[in-house]
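The block underneath contains the structure these notes are about, expressed in structure tokens.
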Amino acid sequence: MLTDSDLTAIWLTLKLAALVTVILLLLSLPLAWWLARTRSRWQAPVAAIVAMPLVLPPTVLGFYLLVGLSPNSPLGQALDAVGIGPLPFTFAGLVLASVIYSLPFVVQPLQAAMQVIDERPLEVAATLGAGPLDRFFTVVLPLCWRGIVIAAVLGFAHTLGEFGVVLMIGGNIEGETRVIAVQIYDHVEALNYGQAHRLSALMLVFSFSVLVLMYSLDRGRQR
């Protein structure tokens with residue numbers, strides 16, 4: 001049976017993952033479209049920056065976020081000056097770190113979906129008077145809706161299971177920054193394997209369901 005502390009961690013994790021997924025989609029849709037279509041010399045450096053969390057150890061990214069956002073850093077002092085305040089060990093800090101760390105899991109599926117869109121529908125829409133923004137919303141987004149769903153599912157699932165970055169930047173404050181992964185770690189440290197098993201089993205079932213959904217959508221896209 002789950003404890004009140006487990007339920008609090010589950011609720012906090014779901015809230016974090018939902019908020020991060022919305023932010024990631026808003027950021028990633030225009031970014032992925034630009035990466036899919038641009039011929040700029042900046043395409044490769046920008047793609048490398050976006051993909052960097054895939055190869056960077058989470059603790060390294062979390063450490064530099066912790067240092068960069070600390071109250072003594074220039075960025076931390078600037079955030080404090082505009083009233084945002086120090087972000088380490090806060091829910092807002094968790095959101096920022098999760099957006100950075102989960103960014104490639106949303107951008108890359110969107111980019112792959114947008115790269116296969118044929119030019120002809122866009123040209124037809126342009127001849128009918130649709131501007132770039134109209135073409136993006138009325139042609140591009142409907143044609144890559146499966147990619148959008150896959151990206152949202154991956155971004156949500158990855159944020160849900162992240163441990164290293166959230167522990168470094170968020171710490172372990174119940175009700176504020178203690179997410180499911182940290183709660184499982186706490187149970188293991190306390191040798192409470194029964195509670196760790198219950199939470200881990202939930203994550204296992206959820207991860208399997210996410211993969212089944214993602215591969216089903218991807219199979220439909222390939223037909």
Side-chain angles (χ1 to χ4, degrees), residues 14-58 60-62 64-65 68 92 94-128 130-162 165-166 169 206-207 209-223:
L14 291 175
K15 185 171 71 169
L16 173 68
L19 183 57
V20 167
T21 302
V22 172
I23 295 173
L24 280 173
L25 285 176
L26 293 175
L27 291 175
S28 301
L29 282 169
L31 178 58
W33 180 242
W34 182 81
L35 288 171
R37 296 288 162 161
T38 185
R39 296 176 183 270
S40 168
R41 62 178 178 173
W42 293 103
Q43 197 269 354
V46 172
I49 292 171
V50 170
M52 194 173 288
L54 292 174
V55 296
L56 204 60
V60 173
L61 180 61
Y64 281 118
L65 284 173
L94 273 191
V95 171
L96 176 62
S98 298
V99 165
I100 294 172
Y101 193 64
S102 296
L103 188 63
F105 292 86
V106 177
V107 170
Q108 292 190 348
L110 289 175
Q111 185 181 345
M114 290 172 174
Q115 281 173 334
V116 298
I117 294 177
D118 192 60
E119 286 290 337
R120 185 165 178 75
L122 296 170
E123 292 171 357
V124 171
T127 58
L128 293 174
L133 205 57
D134 282 343
R135 294 199 295 272
F136 184 75
F137 282 105
T138 60
V139 179
V140 175
L141 295 189
L143 286 176
C144 65
W145 70 269
R146 283 193 177 90
I148 295 173
V149 175
I150 290 172
V153 170
L154 279 178
F156 186 88
H158 187 255
T159 304
L160 209 66
E162 174 46 28
V165 171
V166 298
I169 195 71
F206 176 79
S207 300
S209 303
V210 164
L211 288 175
V212 170
L213 174 62
M214 190 185 71
Y215 284 120
S216 300
L217 288 169
D218 196 48
R219 188 179 175 187
R221 188 175 58 179
Q222 292 173 359
R223 285 177 180 170

>> side chain to side chain contact (heavy atoms under 4.5 Å, CB included), that's the test. Do Leu110 and Ile150 meet it? Break it down for me.
In response: CA-CA 8 Å; Leu110 289 175; Ile150 290 172; over 6 Å; no

> Going through the checks in order, is the side chain to side chain contact (heavy atoms under 4.5 Å, CB included) test met by Val116 and Leu143?
Replying inline: CA-CA 10 Å; Val116 298; Leu143 286 176; over 6 Å; no

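When every heavy atom of Val166 is checked against every heavy atom of Glu162, the shortest pair comes out as CG2-O, 3.4 Å. For Pro109 against Gly147, the heavy-atom pair with the smallest separation is CB-O, 4.3 Å. Pairing each heavy atom of Val20 with each of Ser98, the nearest pair is CG2-CB, 3.7 Å. The shortest non-hydrogen separation linking Leu25 to Ala152 is CD1-CB, 4.0 Å. Nearest heavy-atom pair across Pro53 and Ile100 is CG-O, 3.5 Å.
Interatomic distance, Arg135 CZ to Leu141 CG, rounded to the nearest 0.5 Å: 13.0 Å. Separation of atoms CG (Leu19) and CG (Leu14) is listed at 12.5 Å; rounding is to 0.5 Å.
Counting only heavy atoms from C-beta outward, the side chains of Ser216 and Val212 approach each other to under 4.5 Å. Counting heavy atoms from C-beta outward, Val106 and Phe156 have side chains that stay 4.5 Å or more apart.
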Side chains of residues 26-36: which donor-acceptor partners sit under 3.5 Å, not counting sequence neighbours?
unit_1	atom_1	unit_2	atom_2	d
Ser28	OG	Leu24	O	2.6

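Pairs passing the side-chain hydrogen bond (donor to acceptor under 3.5 Å, both in side chains) check and including a residue from residues 99-116, sequence neighbours excluded, read Ser102-His158, Ser102-Thr159. For residues 104-119, the set of pairs meeting the salt bridge (charged side-chain N to carboxylate O under 4.0 Å, His left out) definition, not counting sequence neighbours, comprises Arg37-Glu119.
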